[in-house]
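I have placed the structure first, in the form of structure tokens, so that the comments after it can refer back to it.
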Amino acid sequence: MSSSSPPAGQTNARALAVIVVLGFSSLCAALMQSLVIPIQSELPELLHTSASNASWVVTATLLGGAVAMPVTGRLADMYGKKPVMVVSGAVLVVGSLVCAVSDSVGPVVVGRVLQGIAMGYIPVAISMVRELAPAHLRNTAVAGISATLGVGGALGLPLAAWIAQDYDWHVLFWVSTVLAVVMAALTLVVVPHVRDAHPGRFDAVGALGLAVGLVGVLVGVSKGNDWGWASASTLGMIGGGVVVLLLWGWYELRHSDPLVDLRTSARKPVLFTNIAALLIGFGMMAQSIVVPQLLQMPEATGYGLGQTILQAGLWMAPGGLMMMLFTPISSRMLTRLGGRTTLCVGAGVLALGYVVAVFMTDAPWQLMVASCVASAGVGIGYAAMPTLILTNVPASESAASVGLNSLMRSMGTTVAGAVMAMILTSQTVVLAPGTPEIPAQGAFTLCFAVGAFAAAVGALIVLLVPRQRTGDDDRAEAPDDEPALVG
């Protein structure tokens, strides 16, 4: 007698293969965040341009990812998740190739924008894996893929530092090209095509408005320390971006098929989760910026640890591994405690990591311990956020809603970069006459304190998320109907 469904073992094996592919591909996309950080100071010379122009090589990926995450999420909800993920992989191939064959700032910035756009793969993968994973693997799969946003940045730093130290800088992008090809091919071959499209009309005006508004705000925030926070350029970009976003919100509320359903986003569970995402994203990036700088400060300062770029990256790598190791722990917490409590615990552990850093900065291993504690909190928090979002939005808006949540994390990292730069330049010392000013010890301590405060506020915000009446999130959740597969 024939059966319409494969044996359970085959089903679980196939589901596991899909989870692994989505996790690997999300990690490849997330690596783009820290790909050029080890060579950031050398970019002006490498690209024959000014330091101001070269800084766009870093900023461009941030902007591309911020715009892409909600847009690709909406496209995935409309046309199906697999096609959008395959296209994201192809975009990463093109962006990496453009950078790999270029020696001037213009093409490299274009390539980096494309690499940032490819990060839209991650929120789509998060929403898809929740549909395809068996019930007993669902929380683990969501936790693992969501954590790649943090893991990729942490593990990418030592990998990129090693490549940049021993090889020509173009090799960074040839490696990312190979990873992108593998990512696109595996997604095309292994990930099933699910009939998960919810036909609608793409809101092109809304996408353009969101892009213009976000670019204005993010450019103003990320460049404020260089341009001056009171300069016309900074105020104009931030103010103009905010005005555009307000007009965009007015338009979206009146649109019959909006890019982002703001009424859904205004529901308390979604709204407070997204605010917490911004604060936890701030916390993640704050330690990613401050700890490497403190590790690389000259020992002659009395508080610097004198590490090379590669050594600093290696001291930071255990933090990324900690996020991965906490995936099964986060899964069990989600099952037993629910998303609300798990997210609150994650933010609390992140704050604890900063408190540890305030008192343990005398040796690289001490900062590594503080980074691991903070990273554990990030891993727990990043695992819980998409679960809270997906259990409080309609299926037709799942990918777009996760994309918006990922955007809020990205906004948090941008704000963190600006705030940390402002603090580190507000308290400086001169090591020797004629040498540049460097951050004082008190500046690093203040950065850790601000990071702890942001994470603690995030934990309090999470407490405002209403409790589920029938058990928080996935604790008592029955499996959804199995999605229909094509072929």
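None of these values were measured; they are calculated from a predicted model.
Residues satisfying the side chain to side chain contact (heavy atoms under 4.5 Å, CB included) test with V212, not counting sequence neighbours, are L208, V244. A376 meets the side chain to side chain contact (heavy atoms under 4.5 Å, CB included) test with M322, F326, V349; sequence neighbours excluded. Y251 meets the ring-ring contact (aromatic ring centres under 6.0 Å, His included) test with H255; sequence neighbours excluded. Partners of L159 under the side chain to side chain contact (heavy atoms under 4.5 Å, CB included) rule, at least two apart in sequence or in another chain, are W162, I163. Applying the side-chain hydrogen bond (donor to acceptor under 3.5 Å, both in side chains) test to T413 and every residue at least two apart in sequence or in another chain returns nothing. For the side chain to side chain contact (heavy atoms under 4.5 Å, CB included) test, residues two or more places apart in sequence or in another chain that qualify with R263 are L253, D261. For the side-chain hydrogen bond (donor to acceptor under 3.5 Å, both in side chains) test, residues two or more places apart in sequence or in another chain that qualify with S146 are R409. Residues satisfying the side-chain hydrogen bond (donor to acceptor under 3.5 Å, both in side chains) criterion with S127, sequence neighbours excluded, are absent altogether. With sequence neighbours excluded, no residue forms a side-chain hydrogen bond (donor to acceptor under 3.5 Å, both in side chains) with S102.
Of the candidates V217, V221, V215, V215 is the only one forming a side-chain contact (heavy atoms from CB on, under 4.5 Å) with V219. The residue from T264, T387, V270 that alone fulfils the side-chain contact (heavy atoms from CB on, under 4.5 Å) condition with N392 is V270.
In terms of heavy-atom proximity, A118 sits nearest to L92 at CB-CB, 3.5 Å. When all heavy atoms of V181 and V93 are compared, the pair lying nearest together is N-CG2, 3.6 Å. Between S331 and T140 the shortest heavy-atom distance is OG-OG1, 2.7 Å. Taking all atoms of both residues into account, the shortest heavy-atom contact from A351 to A452 is CB-O, 3.7 Å. Smallest separation of non-hydrogen atoms from L404 and N274: CD2-ND2, 4.0 Å. Closest non-hydrogen pair, M333 versus V345, comes out as CE-CG1, 3.6 Å.
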Sequence neighbours left out, cut at 3.5 Å: what donor-acceptor pairs do the side chains of residues 182-192 make with other protein atoms?
from	atom 1	to	atom 2	distance (Å)
T187	OG1	Y121	OH	2.8
T187	OG1	M183	O	2.8

Taking only distance into account, with no hydrogens and no angle test, what donor-acceptor pairs under 3.5 Å do side-chain atoms of residues 57-64 form with protein atoms, sequence neighbours excluded?
from	atom 1	to	atom 2	distance (Å)
T59	OG1	S55	O	3.2
T61	OG1	R112	O	3.2
T61	OG1	R112	NE	2.9
T61	OG1	R112	NH2	3.1

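The CG atom of L27 sits 6.5 Å away from the OG1 atom of T148 when rounded to the nearest 0.5 Å. Put simply, CD1 on I117 and CG on L114 are 5.5 Å apart, with the number rounded to the nearest 0.5 Å. We find the CZ-CG distance between F202 and L259 to be 5.5 Å, quoted to the nearest 0.5 Å.
Considering only heavy atoms from C-beta on, M128 comes within 4.5 Å of M85 through its side chain. Side-chain contact between F282 and V450 is present, with heavy atoms from C-beta onward closer than 4.5 Å.
The backbone N or O of G339 sits nowhere less than 3.5 Å from a side-chain atom of T342 that would complete a donor-acceptor pair. The main-chain N or O of P70 is never found under 3.5 Å from a side-chain atom of R74 such that the two would form a donor-acceptor pair.
Residue pairs that meet the side-chain hydrogen bond (donor to acceptor under 3.5 Å, both in side chains) test with at least one member in residues 234-248, sequence neighbours left out, are S231-T234.
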